[in-house]
Protein chains: 2
Amino acid sequence: MLDLPFIAVSYCYRGIGHMYFRSNGSKGLCCTCPNRYFQFCKSLLNSSSTEFDPHAVKNLAVTAKQYLYHQGDLNNELFVLREGWVMLTRLSEDGKRQVFRSVLPGELLGFQQHLNGPAIYSAIALLDSVLCKVPKSVEHYSTQPELALSLAATEACDKMLTEMYLGNITHRNARERIAFMVLELFHRLMLRGLNNEYSIQFPLKQEDIGDTLGLTTVHVNRTLHAFRDEGVLQIQRHELTILDYDSLYSLAGSTFKILVPEGLENPIEAGRVGSQVFRSS
Amino acid sequence: MLDLPFIAVSYCYRGIGHMYFRSNGSKGLCCTCPNRYFQFCKSLLNSSSTEFDPHAVKNLAVTAKQYLYHQGDLNNELFVLREGWVMLTRLSEDGKRQVFRSVLPGELLGFQQHLNGPAIYSAIALLDSVLCKVPKSVEHYSTQPELALSLAATEACDKMLTEMYLGNITHRNARERIAFMVLELFHRLMLRGLNNEYSIQFPLKQEDIGDTLGLTTVHVNRTLHAFRDEGVLQIQRHELTILDYDSLYSLAGSTFKILVPEGLENPIEAGRVGSQVFRSS
DNA sequence: AAGAAAAATTAATCCAGGTTAATTTTTTAA
DNA sequence: TTAAAAAATTAACCTGGATTAATTTTTCTT
């Protein structure tokens with residue numbers, strides 16, 4: 001049966017230890033890349049392809065605040081983010097900006113229904129980032145069906161994340177929305193070992209949070225302030241620290257639970273993070 | 001380059017004429033199926049596979065209000081909806097229900113990241129429906145890379161639709177949300193010829209609209225009432241009629257525009273529907 | 001280190017849509 | 001055909017978050 005548990009999985013496996021604020025140089029081979037066990041990279045490395053040589057992967061370095069591409073651009077490349085943080089946004093005619101999601105290390109970037117049609121959103125690097133080019137030719141995938149399936153699973157994964165945000169925004173209030181978003185990002189980084197206990201590097205502005213969740217900056221600010229006063233959560237100098245995981249967890253609600261593996265409700269509390277090895281095959 | 005303009009396209013090509021309230025019998029071969037030029041079916045029929053014989057496709061008939069599967073169910077099949085209307089919903093712990101989207105004829109149903117994991121939502125038929133089983137074995141796709149790519153493109157298509165709903169709900173008011181939803185469904189049905197001028201069969205309850213858009217039934221009712229009074233739109237006896245397309249179009253906003261082909265802003269007004277043949281290859 | 005720009009913060013006011021609770025209409029089942 | 005259940009409708013009232021507009025703090029430039 002078609003099941004790809006070890007391919008294209010964002011949420012269901014642990015990271016490979018602590019690499020907080022990792023910066024291992026912009027050039028590098030796949031064999032030393034911390035993302036090699038994740039998502040698309042994994043299937044790329046597992047494939048029998050000789051057409052695409054992971055040892056000759058082309059890197060692209062971008063600095064923070066630089067756009068990778070803008071909505072409407074044609075013929076963009078397909079990338080995996082090696083390190084950094086990329087945010088996907090779209091500006092509507094009336095000047096409102098929708099933030100769709102953050103792309104974190106190991107995740108695919110740039111795939112859309114019409115790969116060579118105009119980009120449906122803009123991609124901006126929020127941190128200095130390194131991207132690896134992914135082959136885009138049909139021929140390549142034609143001889144690598146596992147890769148094509150991995151693409152499908154990756155898209156399904158993104159779709160699920162978007163759906164969970166949709167449910168979150170549609171049915172929950174400001175505190176719940178922010179709790180969900182913070183926990184979702186925290187877990188996604190933690191799976192890659194990019195946390196330091198309860199802290200993560202957090203380049204999103206309050207405006208970004210608002211544009212993701214459909215809240216004004218003013219209200220995001222009020223809510224974050226309340227969280228800080230209550231000792232739930234604090235953000236300072238681009239570092240987010242979860243002070244009361246359980247409160248956030250209960251605010252995030254059941255929608256969040258389908259994104260995290262069983263038994264990882266509070267992985268740090270339970271002393272689990274870093275104590276288990278990533279299941280590599 | 002990897003571009004699949006004629007595969008897995010929901011939004012960018014026209015239907016093949018009028019088949020309003022089509023009901024051509026539950027058993028049928030692909031060669032006479034009106035969906036054979038769409039999305040996944042198209043690539044299935046174009047593939048060189050001998051493992052999956054489109055002439056021996058297995059149909060499943062379900063009656064309206066019957067669940068195909070529930071959230072949490074294991075090992076569900078993969079289907080294409082041949083005729084009818086299926087809605088995807090998820091109930092959260094606190095009893096709120098999120099409606100994710102409607103699955104319309106020709107669309108794929110049941111694909112998710114973990115195909116054999118628990119279903120992340122329930123699927124309920126809103127009309128009497130007929131579904132065709134789609135092969136689910138890895139082996140099948142391994143010898144049919146175009147099919148696997150078609151899956152990826154189909155998922156990207158669903159993802160885009162979900163993202164547009166997300167943007168719509170996050171940044172727009174009740175009238176705008178409803179206008180967007182109505183137009184989106186109208187266009188999606190029209191692409192398949194399932195409209196009758198400005199009317200479509202519409203099995204959604206006001207509660208369904210509310211649970212899709214994050215509005216209460218009371219407010220959906222108020223808004224629909226206002227639309228009727230203003231001569232914009234009316235729903236009666238499960239039939240939705242667009243009375244003032246242009247008003248709806250301007251309410252739906254720019255988000256909607258990326259879902260419809262250029263020049264189709266008001267296809268009926270322009271006399272275009274039915275006058276062009278679907279581009280079959 | 002100083003000045004400028006960006007981001008965060010705070011307060012006051014307001015309203016779109018929620019909540020609650022009845023009533024009426026439509027659909028379904030017997 | 002009729003009773004019961006489901007869905008739609010309407011009204012009255014209320015609140016979470018929007019809006020607007022300053023002010024303060026932080027970050028970037030030079």
Side-chain angles (χ1 to χ4, degrees), chain A residues 63-66 87 89 94-99 124-128 168-181 201-230 233-240 251, chain B residues 63-66 87 89 94-99 124-128 168-181 201-230 233-240 251:
Chain A
T63 54
K65 300 188 178 175
Q66 196 180 332
M87 186 174 75
T89 69
D94 55 6
K96 287 171 187 164
R97 188 187 67 150
Q98 174 69 34
V99 173
I124 183 173
L126 297 187
L127 299 175
D128 292 350
N168 178 48
I169 288 166
T170 304
H171 289 294
R172 310 184 77 78
N173 68 24
R175 307 187 102 227
E176 294 168 333
R177 290 183 209 184
I178 291 177
F180 173 86
M181 182 175 173
Q201 190 171 20
F202 194 77
L204 299 178
K205 294 183 294 181
Q206 295 184 355
E207 189 184 348
D208 298 328
I209 299 174
D211 287 346
T212 305
L213 299 176
L215 300 167
T216 56
T217 18
V218 175
H219 202 66
V220 170
N221 187 280
R222 275 196 287 249
T223 309
L224 287 176
H225 196 335
F227 277 156
R228 197 191 311 135
D229 285 351
E230 297 164 21
L233 164 69
Q234 71 182 9
I235 301 173
Q236 48 187 209
R237 321 185 137 267
H238 306 303
E239 182 176 67
L240 183 152
L251 275 172
Chain B
T63 54
K65 299 189 178 177
Q66 196 180 332
M87 186 174 75
T89 69
D94 56 6
K96 287 171 187 164
R97 188 187 67 151
Q98 174 69 34
V99 173
I124 183 173
L126 297 186
L127 298 175
D128 291 350
N168 179 48
I169 289 166
T170 304
H171 288 295
R172 309 183 77 79
N173 67 25
R175 307 188 100 225
E176 294 168 333
R177 290 184 209 183
I178 291 177
F180 173 87
M181 182 175 174
Q201 190 173 18
F202 194 78
L204 298 179
K205 295 183 293 180
Q206 295 185 354
E207 189 185 348
D208 298 328
I209 298 174
D211 288 346
T212 305
L213 299 176
L215 300 167
T216 56
T217 17
V218 175
H219 202 65
V220 170
N221 187 282
R222 277 195 284 247
T223 310
L224 287 177
H225 196 335
F227 277 156
R228 197 191 310 136
D229 284 352
E230 296 164 21
L233 163 69
Q234 70 181 9
I235 301 173
Q236 47 186 208
R237 321 186 136 267
H238 306 302
E239 182 175 67
L240 182 152
L251 275 172

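Here is how names work: the chains are called A, B, and so on, in the same order as the sequence lines, proteins then strands, and each is numbered from 1.
- Among dT27(C), dT9(C), dG18(C), the nucleotide with an atom closest to any side-chain atom of Arg222(B) is dG18(C).
- Contacts with DNA chain D (heavy atom under 4.0 Å) in residues 207-221 of chain B: Val218(B), Asn221(B), listed by number.
- With rounding to whole Å, Leu204(B) atom CG is found 16 Å from dA6(D) atom C1'.
- One atom, CD of Glu176(A), and another, C1' of dG16(D), lie 12 Å apart when rounded to the nearest Å.
- Gln98(A) and His171(B) share a side-chain donor-acceptor pair at under 3.5 Å.
- Between dT10(C) and His225(A), a contact under 4.0 Å exists linking OP1 or OP2 to a side-chain N or O.
- Of the listed nucleotides (dT27(D), dA8(D), dT28(C)), dT27(D) has the atom at the smallest distance from the side chain of Arg237(A).
- The NZ atom of Lys65(B) sits 9 Å away from the P atom of dA6(D) (whole-angstrom rounding).
- Atom-to-atom, NZ of Lys205(B) to C1' of dA8(D) comes out at 11 Å; the value is rounded to the nearest Å.
- The two residues Gln234(A) and Arg228(A) come nearest to each other via the heavy atoms CB-CG, 4.1 Å.
- Between the CD atom of Gln206(A) and the P atom of dT27(D) there is a distance of 12 Å, rounded to whole Å.
- Arg228(B) comes within 4.0 angstrom of the backbone, heavy atoms only, and of no base.
- Side-chain contact between Met87(B) and Thr212(B) is absent, with no heavy-atom pair separated by less than 4.5 Å.
- Going from atom CG of Asn173(B) over to atom C1' of dG18(C) covers 15 Å, rounded to whole Å.
- Here the C1' atom of nucleotide dT10(D) and the CG atom of Leu224(B) are 14 Å apart, to the nearest Å.
- Contact annotation: Arg172(A) side-chain N/O to dG16(D) OP1/OP2 distance is not under 4.0 Å.
- Within the 4.5 Å cutoff, the side chain of Gln66(B) has no heavy atoms near those of the Ile124(B) side chain.
- Counting heavy atoms from C-beta outward, Arg222(B) and His219(B) have side chains that approach closer than 4.5 Å.
- With contacts defined as side-chain heavy-atom distances shorter than 4.5 Å, the pair Ile209(A)/Leu215(A) does not qualify.
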Query - Trace of the side chain to side chain contact (heavy atoms under 4.5 Å, CB included) decision for Lys205(B) with Asp208(B) - result: CA-CA 5 Å; Lys205(B) 295 183 293 180; Asp208(B) 298 328; 3.6 Å; yes

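- As rounded to whole Å, 17 Å separates atom P of dA8(C) from atom CZ of Phe227(A).
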